[in-house]
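Hydrogens, waters and symmetry mates play no part in the numbers below; they use all other heavy atoms, side chains included. Each chain gets a letter, A, B and so on, in the order its sequence line appears, and its residues count up from 1.
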Amino acid sequence: MLRWLPLTLLALTLRAEAPDFQRDVRPLLSKKCIACHGPDEHSRQAGLRLDQPHAKGARILARVSHPTRPMPPSGPRLTPAEIKTLEDWVAAGAPYTAHWAYQKPKPTPAPGHAIDFFILQKLAEKNLTPSKPADRPTLARRLALDLLGVPPDPALAAEFLRTGDYSKYVDALLANPQFGERWAKIWLDLARYADTQGYEKDSKRTIWPYRDWVIRAFNDNLPFNEFTIRQLAGDLLPDPSIDDLIATGFHRNTMTNTEGGTDDEEYRDLAIRDRLATTGQVWMGQTWGCAQCHTHKYDPLTHKEFYQLYAFFNQTADDDHPSDRPTLKLTDKSSTLILKELPPGKQRKTRIYERGNFLTPGETVEAALPAAFPPLPAKAPRNRLGFAQWLVSPENPLTARVTVNRFWSRLMGRGLVDSEEDFGTQGVPPTHPELLDHLALEFQKDWNVKKLLKTIVTSATYKQASDLTPELREKDPQNKYYARAGRFRLDAEMVRDQALAAAGLLSRKLYGPPVMPWQPEGVWLVVYNGDSWVTSPGEDRYRRALYTFMRRTSAYPSMMNFDAPTGEVCTIKRIRTNTPLQALTVMNDPTFMEAAQHLAARARQESPADPLAKLFALALLRPPTPAERQRIAALHAATTADLARQPQNAAKLLNYDKVLYSEDRQATLLPDARTTPREWRYRLTDPGDANWMKPSYDASQWSAGPGYFGHFSKPSETTPIKTTWDTDVLWLRYELDLPAAVPTNFKLPARTNAQFDVWINGVLAVSNIFERSGHYEYPINDDGQKAFRPGRNTIAIRVARNGIRGAGQVFDAGLIGSLPLQLGKPQPGDAAKAAWVVVANTILNLDETVTRR
Amino acid sequence: MNPKLESALAATRRHFLSGCSLGLANLFLAEARGAKKPDHPAKAKSVIFLHMAGAPSQLELFDYKPELVKYDGKPCPDELLKGKRFAFIKGVPRMLGTPYKFKQHGQSGAWLSELLPNLSTVVDDLTIIRSMSTDQFNHAPAQLFLHTGNPRFGFASMGAWATYGLGSENEDLPGFVVLTSGGNNPDGGKSLWGSAFLPSVHQGVHCRSHGDPVLFLSDPEGMTRSLRRKTIDALKDLNALQAKQAGDPETDARMGQYELAYRMQISVPQVMDISKEPPAVHAAYGTEPGKTSLANNCLLARRLVENGVRFVQIFDWGWDHHGTSKRDDIQHALRPHIRSTDQAVTALLKDLKQRGLLDETLVVWGGEFGRTPMRENRGGTEGAFFGRDHHPYAYTMWMAGGGIKKGLNFGETDDIGYYVAKDKMTPRDLQATILHQLGLNPHTLHYPYLGLNQRLIGPSDEARVMKELLA
């Protein structure tokens, strides 16, 4: 294990007499002056510009200390200390240097492990001492959660706990394909990845091949410069491979507005702005989006320069078309969204949009870089490819810094630059500028991501304990100086994946279309959309969270409760909150309860003599302390006593998954036209009786016929009409016999382009006015569910086109339901077994379990 | 760094120094849940925002235009079409006068249509704004603009801003509750009640009328209340051991959240259960326990603000009356929808007033834009039914209670209701006014994100607190 360097090597930096412009003066000007005396010529007051060198120092001093009308005119005034800083600076000749982040990184010699050298230097300066190293179980868990996002394989962890061979453990984790899944998810936050188009209908789109490309890129350790170029401009590479094209999905994650009556150009323009703003944030830590309506108020980016950057992105063929074109055909069934450059003669003119409004185009501009940054090399193509190559060139002072800072933050809990999303003048300056530059320069040499991560996790800084001592709590509660390791709540996906992994349920399957694990009924209610959430079968229920279908307008609830973003915009940094909804999720979300059931069973099977030791080993990778044993034994005993009196609850806990997945007990109660349609009683004219839907009504005089009902102007092969219905309204009745054990969770699969109401035994059970695609499984309301009974049941349906004209009309319906669950006879010992489920539920809810420490 | 966090941290340090165990995370908790001091004395403690998603027709309900009736069936003049973008109108549509009769009501003499027989009895409690104007003409962007101050995704909603600025009055209920009806969520989706860059604790909690009122509120099958209590007690003791070793204030905060969650398991179903309301209340609102309806949600809104919920956001879907069929036209479809709405919303106002809650509850009603004075001719031809297209230039909203003037008719449109003729008011002005009534300064309420002090009212200072509307 690495040891701390002797502190005597370190020299403390002495504060110079004159204030440092970067450290002391610029932040002051940025905070108090630049909004009105900055780069934006429209809001600039008195013609005074303080973000550039000038010779008006005396004038500033006079204004900030003016007796009656001091600057700034509103908001808090400058403190005497701040005025003194300005005086000293002016006295020293008011020296200006460019904002730190726009200067190229500078090397500083660092003996030993460079990270520890710089961290210790600062700790000594702040009079702090580092924490002791974390113990092996803590490190084993921390490292696996950080690198894989799930607990380690028990065998691998056991080997590390035995040998203490840290480097080997790190290498094994970095080589595990779960590594790519974890780091892809971090990247997909930035890429605003989701599986739908966003806006209103929010229809599905196929872009998961891009998600898989990101996973592979991390697992293959694709150098970050290549990773960048392929995502931004893979289509412009000479002879692009299929993978290079799929990679361009990064910027096809912008939303498409298919709402009726929208202007495609308006939303195409928004997508281009989003691409520019996202690129600025992800690679440059720049808030370029601010300059779309006017020159940036703080940072050096003019309104015109924004549109010069926009011009790089403005030549792609996508145009907010509902089909999401252009796409790349992958198989007969699937295509994925890609970028495609318009051919030379068809390229767009880029104009400056006054106040950011695409309806008021102004001056025409060409693609160019802002003046504050080094220019594109003369030979570089003036398109996305040239731009992407420039982003990762050594001339660009930002990409490497921004990237290492992001990786650092994920491992340490806080960035060296805390404002990960803003390296501009309004951002927070780095706590350790030399370390940031050192890491950036090293990273730029080969853009090797796994090497960078290994460098960080092998530092003594990373391996410290995370405990917050009273001293640290007082001197550095935010852990700005890293005198301890980070202790913070797990990301949403990790909270879930960890529970499934501990339970032995987590699937190891990599890649593929998004899946639908269990989700409460009624979460998906999307306007004009026929999509429904159908729980995936088999192991697809237990895939890692990054494979869960992401609908932008309706997030997966447990992910949303734990602060996961939903893919509308680029999310640089998740804000971690601590809320009662999170407590409710881990306590009650059936996914977690199912994990508790299997975790308990696994612990009992693998360690019958001491299930608790196994529970702790699986969830926390450590043995329980005597105090914990005692407390949990008390919980187990009290729970067993309760459950011994409630055998039905013990049975439910032991069979929780069977109770939960009622879809596994689903049966077709009335087949629809897709299989063997039954004969319905029907009428095309009004029955003339208000009770026509009631069981007591006699429909024996009605006509009889099977679905599909309807007519088309052209016959359809996929939808063969068996019974003609060509009037506005169709009345239907069916008499259905149900067994004595009445099924539950009834649904009505129906295919129609009409509006309809359904009555079960005379009770209104479905009232639908939306057109959905295919045989959509319409939910039956609570009253309808309760109306079913053993024996004879009457299903009555009124279908109406309500005057809509079109190429035809169709109706067909069936009925499905879940058969009742048969739990086995209670056995002696069930209560004690079921009590372990309750204990496992408790362990999953521990603060330590949901925390990375 | 965010100044709120900075001050929370400073306070944490003070607490530790004085030996108090309240940690940083508890202060986050306090930020989200405890009541906070407003910028100026508040006129409204709570807001009930009734959003009629889809945009109800102002011309059938509030904006009386006899001139338009005269022009009914005449081709729309070219100058009203030139340079304009419409969602569905093509070519030259014809003007459409309302088929409904209007009358003046109350002391204020407000013109209301025959479709609002109930609301017309409380018209002297309302400020009716007939001069709303927006710049979005598609549903999702217009709804996002109204509720988050930006037609794009990625911005925090009004309710999130309110709880961020003020916290909540009730420790056992969320500060920002969302209720939906009409069979669909609104076009803008959950972003309409999202927290975006604000901490997610401020996002609206969607309370449902089927299944769990709040997702994951009920104990899993087999887990009784008594077992749940036992697990929480054990968690408390086990977490205390962890807190002692790790010294992280987040651990204490998490335990606080488990206790709160346990209380919510009781308090939320209680407040959401309307079945015990007296029959007279059900009769007044038109509520039916167990149904999902605007009426039920109106009654729930009253119960929620009564219990200290800061912001109740109601979305009622199905007001997009284009006239493509009987189900979305202004004769067959609008009439039943407005009938139940008129009853429920009026009952809500009367109920709040009778309980003395109206003075401190700001009620806002309206859609995301208006509807055209022209008849929609989808695809260039007129169908068999009557409807109107999306119209951003002029529409009506109303406000009541919470320090808003009683019986005010504010703003005017031109003779055919196409443009605002007097006292134009924008969604930003509405947002500024709502925050102001809650005691917040809309111009200074901000959150630093992406190098900018983000505000509900956006980066420019166009938004105005509408002093003319304030009592």
Side-chain angles (χ1 to χ4, degrees), chain A residues 199-200 259-263 287 290 298 418 421-422 424 426 428 467-469 473-474 477 487 520-522 525 527 553-554 557 563 568-569 575 577-580 583-585 588-590 593 627-628 631 635 638-639 642 649 652-653 659 755 769 782 802-804 838 841-842 845-848, chain B residues 1 9 12-13 16 25 28 85 87-88 138-140 152-154 184-185 187 189-191 199-201 208 210-211 215-222 224 226-227 230-231 234-235 237-239 241-242 245-248 250-251 253-254 257-258 260-261 264 290 325-327 384-385 450-452:
Chain A
Y199 289 111
E200 209 196 32
E259 186 181 325
T262 51
D263 186 331
T287 56
C290 291
Y298 303 102
D418 187 36
E421 70 287 355
D422 189 3
Q426 296 299 295
V428 181
D467 297 341
L468 188 55
T469 62
R473 210 186 265 175
E474 192 197 322
R487 188 184 192 282
E521 285 274 349
L525 268 183
V527 178
T553 51
S554 183
D563 310 320
E568 284 95 357
V569 290
I575 306 177
T577 62
N578 192 344
T579 71
L584 290 171
T585 302
N588 300 337
D589 177 346
M593 198 60 197
E628 287 166 340
R631 185 62 187 86
L635 172 65
T639 304
D642 259 27
N649 283 333
K652 281 181 183 165
L653 288 168
V659 178
Q755 298 160 337
I769 60 167
D782 292 353
N802 288 305
I804 301 175
V838 174
N841 175 274
T842 309
N845 278 281
L846 285 177
D847 175 67
E848 186 182 343
Chain B
M1 170 177 287
L9 287 165
T12 313
R13 287 191 284 275
F16 281 126
F28 270 122
R85 296 190 294 163
F88 295 101
N138 297 117
H139 294 296
R152 256 72 82 200
F153 288 96
N184 259 331
N185 285 338
D187 312 64
K190 51 131 189 41
S191 293
S200 71
V201 65
R208 316 181 314 154
H210 289 286
L215 288 174
F216 315 130
L217 193 69
S218 57
D219 296 310
E221 293 268 358
T224 60
S226 138
L227 283 181
K230 287 186 178 69
T231 66
L235 272 178
D237 296 340
L238 294 165
N239 283 343
L241 295 170
Q242 175 70 200
Q245 189 212 315
D248 188 347
E250 281 286 321
T251 312
R254 182 152 294 117
Q257 302 295 15
Y258 274 81
L260 174 54
M264 277 174 69
S325 78
K326 261 188 201 172
R327 296 265 184 150
F385 303 95
L450 291 183
L452 194 68

Any donor and acceptor pair, going by atom type alone, linking the side chain of [X] with main-chain N or O of [Y] inside 3.5 Å?
{"X": "A:R487", "Y": "B:A246", "result": "no"}
{"X": "B:D187", "Y": "A:E200", "result": "no"}
{"X": "A:E259", "Y": "B:A140", "result": "yes"}
{"X": "B:N138", "Y": "A:G261", "result": "yes"}

Mind checking whether B:L217 and A:N588 have side chains closer than 4.5 Å, heavy atoms only?
no

Test item: A:T287 and B:L452 side chains (from C-beta on) under 4.5 Å apart, heavy atoms:
no

Is B:R208 paired with A:E521 through a side-chain N to carboxylate O contact shorter than 4.0 Å?
no

Write down the atom of [X], the atom of [Y], and the distance for their closest heavy-atom approach.
{"X": "B:G247", "Y": "A:R473", "answer": "O-NH2, 3.0 Å"}
{"X": "A:L653", "Y": "B:G222", "answer": "CD1-O, 3.7 Å"}
{"X": "B:A261", "Y": "A:A583", "answer": "CB-CB, 3.8 Å"}

At a 4.5 Å cut-off on heavy atoms, which part of [X] comes close to chain A: side chain, backbone, both, or neither?
{"X": "B:T231", "result": "both"}
{"X": "B:Q242", "result": "side chain"}
{"X": "B:S218", "result": "backbone"}

Taking every heavy-atom pair that is under 4.5 Å apart, which of [options] has the most such pairs with chain B?
{"options": "A:V569, A:T842, A:V659, A:T469", "result": "A:T842"}
{"options": "A:I575, A:T639, A:L584, A:N841", "result": "A:L584"}
{"options": "A:D589, A:D263, A:D422, A:D782", "result": "A:D589"}

Kindly compute the distance separating [atom1] ([X]) from [atom2] ([Y]), expressed to the nearest 0.5 Å.
{"X": "A:E628", "Y": "B:D237", "atom1": "CD", "atom2": "CG", "answer": "11.5 Å"}
{"X": "A:D847", "Y": "B:Q257", "atom1": "CG", "atom2": "CD", "answer": "11.5 Å"}
{"X": "A:N845", "Y": "B:L238", "atom1": "CG", "atom2": "CG", "answer": "11.0 Å"}
{"X": "A:L468", "Y": "B:Q245", "atom1": "CG", "atom2": "CD", "answer": "12.0 Å"}

Going by the rule ring-ring contact (aromatic ring centres under 6.0 Å, His included), which residues pair with A:Y298 if we only count those two or more places apart in sequence or in a different chain?
none

Those residues that, when tested against A:D642, pass salt bridge (Lys or Arg N to Asp or Glu O under 4.0 Å) (two or more places apart):
A:R645, B:K230

Among B:K326, B:R152, B:E221, B:R327, the residue with the most heavy-atom pairs under 4.5 Å to chain A is B:R327

